[in-house]
Participant: 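My structure is below; once you've seen it, I'll send some questions.
Atoms within a ligand are numbered from 1 in the order they appear, just like the ligands themselves. Along the sequence shown, the residues carry numbers beginning at 1. Bear in mind the structure is a predicted one, so any value in this text is a computation, not a measurement. Hydrogens, waters and symmetry mates play no part in the numbers below; they use all other heavy atoms, side chains included.
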Amino acid sequence: MPQLDQAKAIMDDDGGVQREVKVPDLSEDTMRDMYEAMVTTRLMNERGMKLQRQGRINFYVGSEGQEAAHVGFGAAFEDQDWYFPHYRDPGVALYRGASIEEMVHQCYGTGEDRMQGRQMPNHYSFEELNFYSISSPVATQIPHAVGAAYAADLEGDDVVTGVSFGDGCTSEGDFHVGMNFAGVWDTPTVFLCENNQWAISVPNEKQTGSETFAQKADAYGFEGRRVDGNDVLAMYAEAKRAVESAREGEGPTLIEALTYRMGPHSSSDDPDRYVPQEEIEAWAGRDPIDRFRTFLIEQGVITETEDEQMHERITDEIEAGVQSAEDAEGPTIQSMVEDVYDEVPWHLQEQADDLKRFYEED
Ligand SMILES: Cc1ncc(C[n+]2csc(CCOP(=O)(O)OP(=O)(O)O)c2C)c(N)n1
Ligand SMILES: [Mg+2]
């Protein structure tokens, strides 16, 4: 993997510390929280894919292999900062304190889902955590993040915005519009391009003629940096530096995380038809969770027993969420016409009432 020679790393592939770099100054509690968000993302991913295969939910987008890239990045922001996520980044919501139970309800689209089943599974939104709604049309979150940063700056608010997206998103107009605006107006925005080597079945060498995704920042007048995206500590260190610089008024940064999509694009994809076996094997030894676990155990931050207990506790919490979602009622017919207008307009109410009569719902 020659690309990785140019990327910054703190941990080696086995979770040991590389001597020449400085480990970021993180408390043991923060490192445990980061690890827990990564493990929860992985365990939810495994359960979510099975639920989809069993026909209990209709779709799932996994994050396997990318937990360090987004959790390390997301952990570098403060509570007042806003995060505009890519669909592969539920770990940032978990790190910010999202409830597993609520996330499972979202995947089922129950009546207790705050979006009332209107969004695709995995497309979470947590306003109270400053975690913006995940959108399916790729790259749309980029201008949103830049606009929010520009507005915060105008208001004099101490807010930096973070936005993540895939390598494929860099071919969208929204990426260039957002990057250009951020460069011209020096908005306090930190961009994360998760280069997971694929955009569904399109390999990244067909995505760009540039040598790296990081270098695209040069064209917009700010810095682009390449990081080992499977090294959560390196991701955190680079993101922290960029967030602090944005907060001090020094403008945006683009971080390219070199990582790997270790699973299918989504539950609707069959990567066996296009991903070479050698590539899967080459990345298998660089699992970001294994690397961080080894590091934490070697540094005495967690023990093997605590790690097992953490896995059991999270697995039980996911199971309780599944039970709760399967016991819950679905959204009401009335919910179909709510939440857009302050008061439901008569013509929508009439249609909802017709439908209720059809289904004999009160
Ligand atoms: C505007 C738009 N065009 C096309 C799609 C279909 N689509 C969904 S995911 C995807 C690939 C995105 O690849 P990348 O940005 O690398 O993100 P990754 O899935 O690898 O995380 C595409 C083309 C879409 N969702 N939105
Ligand atoms: Mg990709």
Participant: Are any of the N/O atoms on I200, whether in the backbone or the side chain, positioned under 3.5 angstrom from an N/O atom of ligand 1?
Facilitator: no
Participant: Answer side chain, backbone, both or neither: which part of E172 comes under 4.0 Å from ligand 1, heavy atoms only.
Facilitator: side chain
Participant: How long is the straight-line distance from NE2 of H105 back to CD of E112, given to the nearest 0.5 Å?
Facilitator: 4.5 Å
Participant: Would you mind telling me if ligand 1 is within reach of the side chain of S136, the backbone, both or neither, using heavy atoms under 4.0 Å?
Facilitator: backbone
Participant: Counting non-hydrogen protein atoms only, what is the nearest one to atom 15 (O) of ligand 1? Give residue, atom name and distance.
Facilitator: C169 N, 2.9 Å
Participant: I need the atoms of ligand 1 closer than 4.0 Å to a non-hydrogen atom of H265, numbered in the order shown.
Facilitator: 9 (S), 19 (O)
Participant: What class does the angle between the rings of H176 and Y220 fall in, given that below 30° is parallel, 30 to 60° is tilted and above 60° is perpendicular?
Facilitator: tilted
Participant: Would you mind telling me if ligand 1 is within reach of the side chain of D167, the backbone, both or neither, using heavy atoms under 4.0 Å?
Facilitator: both
Participant: With no hydrogens and no angle check, just 3.5 Å: does a side-chain donor-acceptor pair link S135 and T140?
Facilitator: yes
Participant: With heavy-atom distances below 4.0 Å as the criterion, list the atoms of ligand 1 near R88.
Facilitator: 18 (P), 19 (O), 21 (O)
Participant: Under 3.5 Å, is there a donor-acceptor pair between the K216 and T170 side chains?
Facilitator: no
Participant: State whether the shortest distance between N or O atoms of W198 and N or O atoms of ligand 1 falls below 3.5 angstrom.
Facilitator: yes
Participant: Where is the nearest protein heavy atom to atom 16 (O) of ligand 1: which residue, which atom, and how far?
Facilitator: G168 N, 2.8 Å
Participant: Can you pull out the closest protein heavy atom to atom 12 (C) of ligand 1? Residue, atom name and distance to 0.1 Å, please.
Facilitator: Y87 OH, 3.4 Å
Participant: Quiz question: by atom type and distance under 3.5 Å, do the side chains of E64 and N45 form a donor-acceptor pair?
Facilitator: no
Participant: I need the H144 NE2 to T189 OG1 distance, nearest 0.5 Å.
Facilitator: 13.5 Å
Participant: Please give the atom name: the N, O or S atom of D167 nearest to the Mg ion (ligand 2).
Facilitator: OD1
Participant: What residue and heavy atom of the protein are closest to atom 13 (O) of ligand 1, and at what distance?
Facilitator: A199 CB, 3.2 Å
Participant: Counting only nitrogen or oxygen atoms and a 3.5 angstrom limit, does P137 reach ligand 1?
Facilitator: no
Participant: Go through ligand 1 atom by atom and flag the ones less than 4.0 Å from a non-hydrogen atom of G166.
Facilitator: 14 (P), 15 (O), 16 (O), 17 (O)
Participant: For ligand 1, note which part of Q207 has a heavy atom under 4.0 Å away: side chain, backbone, both or neither.
Facilitator: neither
Participant: Could you tell me whether H86 approaches ligand 1 through its side chain, its backbone, both or neither, with non-hydrogen atoms closer than 4.0 Å?
Facilitator: side chain
Participant: Could you go through E102 and Y124, starting from their C-alpha distance and side-chain angles, then the distance that decides it, and tell me whether this counts as side chain to side chain contact (heavy atoms under 4.5 Å, CB included)?
Facilitator: CA-CA 9 Å; E102 201 180 332; Y124 312 108; over 6 Å; no
Participant: How many angstroms lie between CD in E326 and OG1 in T110, if you round to the nearest 0.5 Å?
Facilitator: 11.0 Å
Participant: Nearest protein heavy atom to atom 4 (C) of ligand 1, by residue and atom, and its distance?
Facilitator: V138 CG2, 4.5 Å
Participant: Quick check for you: to the nearest 0.5 Å, what is the distance between D158 atom CG and E78 atom CD?
Facilitator: 8.0 Å
Participant: Is atom 6 (C) of ligand 1 touching the protein, meaning some protein heavy atom lies under 4.0 Å away?
Facilitator: no
Participant: If you round to 10 degrees, what value do you get for the angle at the Mg ion (ligand 2) between W198 atom O and N196 atom OD1?
Facilitator: 80°
Participant: Check A139 against D174 and note the closest heavy-atom contact, atom names and distance.
Facilitator: O-CB, 3.4 Å
Participant: Relative to each other, are the rings of F191 and F222 parallel, tilted or perpendicular (30° and 60° limits)?
Facilitator: parallel
Participant: Under 4.0 Å from any heavy atom of N196, which atoms of ligand 1 are there?
Facilitator: 18 (P), 20 (O), 21 (O)
Participant: Which value, rounded to the nearest 0.5 Å, describes the distance between D287 atom CG and F292 atom CZ?
Facilitator: 13.0 Å
